[in-house]
*Asks:* 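Sharing a structure here in structure tokens format.
Numbers here simply count residues along the sequence, with the first being 1.
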Amino acid sequence: MLDRPDRPTAIFAGSDMQALGVLRAAHELGLRVPQDLSIVGYDDVTVSQWIEPALTTVHQPLREMAATATRMLLQLADGQTLAHQRIELATELVVRRSTAPPPS
């Protein structure tokens, strides 16, 4: 996909680890990130801030997710009915150096 003449100007990967693979593929093809290709990951794993360029990513509140799931599981184990079957927790876009406006 990255070696096509009509290649994308940005890729939003399903995880930071997938985004690292895209970053490597871009590098192997001689593409500059973010000048030629913007890359965004998902998860905000620690290594995403250490690579070059630092990865723009979506941070999800893993501790809050785990705590909420644990509370729900304990309520169910105690025979209680859950007040909510679905709980939405806020995510946050963490902008680092792997993204830029598309080239003109």
*Asks:* Could you walk me through whether Leu55 and Leu23 satisfy the side-chain contact (heavy atoms from CB on, under 4.5 Å) test, starting with their C-alpha distance in whole Å, then the side-chain angles of each, then the deciding distance to 0.1 Å, before giving a yes or no?
*Replies:* CA-CA 9 Å; Leu55 183 65; Leu23 183 63; over 6 Å; no
*Asks:* Evaluate the side-chain proximity of Ser98 to Pro53: yes if any heavy-atom separation is below 4.5 Å, no if none is.
*Replies:*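 Touching, per the 4.5 Å side-chain cut-off.
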*Asks:* Apply side-chain contact (heavy atoms from CB on, under 4.5 Å) to the pair Val47 and Leu20, showing each step before the final yes or no.
*Replies:* CA-CA 10 Å; Val47 72; Leu20 293 177; 4.1 Å; yes
*Asks:* Looking at every heavy atom in both Ala54 and Gln49, which two are closest together, and how far apart are they?
*Replies:* CB-O, 3.8 Å
*Asks:* Nearest heavy-atom pair of Gly41 and Ala19: which atoms, and what distance?
*Replies:* CA-CB, 3.9 Å
*Asks:* Under the side-chain contact (heavy atoms from CB on, under 4.5 Å) rule, what do Leu37 and Val22 come out as? Steps first, then yes or no, please.
*Replies:* CA-CA 10 Å; Leu37 178 70; Val22 174; 4.2 Å; yes
*Asks:* What distance separates Leu73 CG from Asp78 CG, expressed to the nearest 0.5 Å?
*Replies:*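 Taking CG in Leu73 and CG in Asp78, the distance rounds to 11.0 Å.
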*Asks:* Atom CG in Leu89, atom CG in Leu62: separation rounded to 0.5 Å?
*Replies:*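 So the CG of Leu89 and the CG of Leu62 are separated by 10.0 Å.
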*Asks:* Give the cluster check for Trp50 versus Val94: same hydrophobic cluster or not, with ILVMFWY residues linked at side-chain heavy-atom distances below 4.5 Å.
*Replies:*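 Shared cluster, no.
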*Asks:* Taking the side chain as every heavy atom from C-beta outward, state whether Ile87 and Met72 have any atom pair closer than 4.5 Å.
*Replies:* yes
*Asks:* Going by side chain to side chain donor-acceptor pair (under 3.5 Å), name the pairs with one or both residues in residues 3-13, residues two or more places apart or in two chains.
*Replies:* Arg4-Asp6
*Asks:* Mind checking the CD-CG spacing from Glu28 to Leu2? Nearest 0.5 Å is all I need.
*Replies:*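 Interatomic distance, Glu28 CD to Leu2 CG, rounded to 0.5 Å: 10.5 Å.
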*Asks:* Just how far is it from atom CZ of Arg97 to atom OG of Ser38, taken to the nearest 0.5 Å?
*Replies:* 13.5 Å
*Asks:* Main chain of Leu76, side chain of Gln80: is a donor-acceptor contact present, judged purely on distance under 3.5 Å?
*Replies:* no
*Asks:* Which heavy atom in Asp43 sits nearest to a heavy atom in Gln60, and how many Å separate them?
*Replies:*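 Scanning both residues completely, I find the closest heavy atoms to be OD1-NE2, 2.9 Å.
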*Asks:* Sequence neighbours excluded, which residues qualify as side chain to side chain contact (heavy atoms under 4.5 Å, CB included) partners of Ala69?
*Replies:*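 Ala69 satisfies side chain to side chain contact (heavy atoms under 4.5 Å, CB included) with no other residue.
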*Asks:* Going by side-chain heavy atoms closer than 4.5 Å, which hydrophobic residues are tied to Leu93, directly or by a chain of links?
*Replies:* Phe12, Val40, Tyr42, Val58, Val95
*Asks:* For residues Thr56 and Thr99, is any side-chain donor paired with an opposing acceptor at under 3.5 Å?
*Replies:*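 A donor-acceptor contact under 3.5 Å links the two side chains.
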*Asks:* State the OG1-CD distance between Thr70 and Gln75, to the nearest 0.5 angstrom.
*Replies:*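 Answer rounded to 0.5 Å: 11.0 Å.
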*Asks:* Any sub-3.5 Å donor-acceptor pair from Asp44's side-chain atoms to Thr57's backbone N or O?
*Replies:* no
*Asks:* So how far is it from Asp16 CG to Ile39 CD1, rounded to the nearest 0.5 Å?
*Replies:* 11.5 Å
*Asks:* For Thr68 and Glu64, what are the C-alpha separation, side-chain angles and deciding distance, and is it a side-chain contact (heavy atoms from CB on, under 4.5 Å)?
*Replies:* CA-CA 6 Å; Thr68 300; Glu64 189 177 352; 4.2 Å; yes
